[in-house]
Amino acid sequence: MRDPYEVLGVSRNASEQEITKAYRKLAKKYHPDLNPNNPEAAEKMKEVNSAYDAIRNGTANQYQNSNNSYHQNTSYSSYYGPFGSFYDFAGFNQRNSQAYTDFDVVEHYINAQEFQQALHVLYGMEVKTAKWYYYCAICNYYLGNQLTAMEQIDQAIALEPNNLQYQQVKQQMMNQRNSYRDTSKRYRRSYRSNSSSFFSRILLYFLCLLCTGNRCFFPIFCCL
Amino acid sequence: MFGYLTADILAFNSQQRRFYRSFYCGLCEKLAQRHRPLARLTLSYDFTFIGMLLCDVYQQEVTLNKKHCPIHPLTKIEVRYSPCFDFVSDMNLLMNYYQYLDDFHDDHNLLAGKKAQQWEAEIVKIQQQYPQKCQVIQKKMTLLAQYENDNVLIPDLPANCFGEIMAELCYEKQDEHSEVLKKFGFHLGRYIYLLDAVLDLKKDLKKGHYNPLITMDSSNFQTMLTLVLEEANFYYKELKLDKFCDLLDNIVYTGLWSKYDQQKILERKSLK
C-alpha cells in the first residue's frame, strides 16, 4: 500500500482537522455515489478509506478499544431482545484446539459472554483474516453494534466466500427478526398503486381534499 | 432530525385524517398553554406521534375541544390531547432548543442563536422538572457533537447515541411500560439518525460535511434501515396498542419510509 499521507496529500505534521478536510475533499471526488458505474473511482475510494483508517489508527481505535472511556459501559445489548441461537451453532461450545492462540482467548471470552473483552483482544491483533472479521462481527452483534457487525460479517464472507458457516451466521443476523418486513409489505402493497408517481399523488391529494371538503394539512388551504 | 415520524396521509380515511390532525392541533394547543403562544412554531408531527403513542399505551382519557385556531380562523377545529401531552410538549420545545443551538454552532446561523436565546427561561423550567432526563439528553448531544468533530466513521456510535436521546423522549417516568417504550425509542432513534444520514449523504459529500456513512456501500442502505426497524418492531408489538393502533401502524410501517421513498423517486426521475 502506498504511503497513506501521500494518498491523502497531507504532510506528516498535518493536524486532525487538516487530515479530515483532505479526506472529505477526496471523498467528494471519488465516492461511488457521486461517480456511479465508475470502477476506477470506487478503487480509488477504497484506497483513500484505507489510508485515512491507517493514519487515524491511533485515534480511530480509541472508539473501538474497550479500554477507552468512550466505550466503557456503552454496551447497548440491553436494548436488544433475546438473541437467536446462532451463538451455539457457531460451535463455540466445542474447544478442541490444542495450541494456545489469540483466537482461543477470544473464544473463551465469547463463551463467557464477555464480548467487550473479546473485542479488546481482537483489536489488539495485527492480522485481519476472515476469522478475525467473523469473531468481531459476532462480538459487535451482541454488543448492539449491528451495523458494524453486518459490515464485518460481509468482510469475512468476502475473504472466504466458500465458508458456509459465515454465510449462515449472516443469514441468521438478517433474519433474526422479520415481522416488520412481513407487516410492512402488507401495508405498502395495499396503499401504493403501481403507476402513481410522487407528483401525481400530490395532485390526487389536493383533488380529494377539494371534493370532500376535508381540512388540508398545508397552511395555504387553511380556509377550506 | 424532524419530519421523519409522519404518516402516509393518503392512506388514511377521512376519520383517521381528522383524528391525526386533531392530535397535531392538540399538541399545538398544549405548547401555547404550557409555554408561550410562540411555541406553536416549534410544532411537529414527530412529537404528535409520541403523544399518541403514550396516550394509547397508558390508555389515557382524551380531551376533545372544538375551537377557533389563530392560524385557521374561519372554521372551528377539533383539538385532541391527553395528560401525556404536557410532557410531550416540554420535550418538543427542548429538542427544538437543542436544534437551534446546533444550527447556531455548526452553521453560525444567528437567527437560530436568537431563537435559542428566547427559550432559555422555559428550558430551565423543563430541566428543573426532568433533571435526570435532561442531563442524559445533554450528555448525549455533547457526545454526538464530539463524534461529528472527530469525524467518526463508525455509524453505530452516533446512531446508538441518538437512539439513547430518543429513548429518553419516549417515556416520562419509570413505570411498568417505560422499559419497553425506552427500547422502542432507542431503535426508532437509530432509524431516524441513519435515515437522515442516508438522505443527506450526497449533499454532505458535496459540501464536505460530516456523514458517518461515507465508507459504507450505499446498496446496503435499505437493508440496514429495515433491520433497525425490525428491532424497533419487536418492542412496538410488545406495547400492545389499542385505540390508535391504525394511526400509529401507518406511521411505523409506511410513514417512516416516506422521505426515503420520495428521494428514490426523485433520483429515478433525474436519471431518466
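Residue numbering restarts at 1 for every chain, and letters A, B, ... go by the order of the sequence lines.
Annotation: the span from A:T183 atom OG1 to B:L229 atom CG amounts to 11.5 Å, rounded to 0.5 Å. To the nearest 0.5 Å, atoms NZ (B:K207) and CZ (A:R24) are separated by 13.5 Å. To the nearest 0.5 Å, the span separating CZ on B:F186 from OG on A:S78 amounts to 7.5 Å. Atom CE of B:M224 is separated from atom CD of A:Q146 by 12.0 Å, given to the nearest 0.5 angstrom.
A side-chain contact (heavy atoms from CB on, under 4.5 Å) with B:L227 is found for one member of A:M173, A:R177, A:R181 and no other, namely A:R181.
Counting non-hydrogen atoms of other residues, nucleotides and ligands closer than 6.0 Å to CG of A:N37 gives a total of 12 or fewer. With a 6.0 Å radius and a threshold of 12 heavy atoms from other residues, nucleotides or ligands, A:K44 has its NZ atom above the threshold. More than 12 non-hydrogen atoms from other residues, nucleotides or ligands lie less than 6.0 angstrom from CD of B:E267.
Residues A:Y52 and B:N151 have side chains that bring a donor and an acceptor to within less than 3.5 angstrom of each other.
Both the backbone and the side chain of B:K182 come within less than 4.5 Å of a heavy atom in chain A. In this structure, no portion of B:F184 lies under 4.5 Å from any heavy atom of chain A. Contacts between B:N220 and chain A at a heavy-atom distance below 4.5 Å involve the side chain alone, from C-beta outward. No part of B:R268 comes within reach of chain A, as not one of its non-hydrogen atoms sits under 4.5 angstrom from that chain. Residue A:N175 does not touch chain B at all, counting heavy-atom pairs closer than 4.5 Å.
Of all the listed residues (B:K237, B:R190, B:M216), the one sharing the greatest number of non-hydrogen pairs under 4.5 Å with chain A is B:R190. Per-residue counts of heavy-atom pairs under 4.5 Å with chain B were compared for A:L147, A:D33, A:L34, A:N140; the largest is that of A:L147.
Closest non-hydrogen pair, A:A27 versus B:I214, comes out as CB-CG2, 4.3 Å. Heavy atoms only, all atoms of each residue included: A:K28 and B:K206 are closest at NZ-O, 3.0 Å.
Centroid-to-centroid, the aromatic rings of B:Y253 and A:Y180 come within less than 6.0 Å.
A 4.5 Å side-chain heavy-atom check between A:Y23 and B:L153 finds at least one atom pair inside the cut-off. Contact of the B:T226 side chain with the A:M174 side chain is not registered, since no non-hydrogen atoms from C-beta on lie closer than 4.5 Å. A:Y79 is listed as a side-chain neighbour of B:E164, based on a closest heavy-atom distance under 4.5 Å. Within the 4.5 Å cutoff, the side chain of B:T223 has no heavy atoms near those of the A:M150 side chain.
Looking at A:N49, its side chain never comes within 3.5 Å of a backbone N or O of B:T215 through a donor-acceptor pair.
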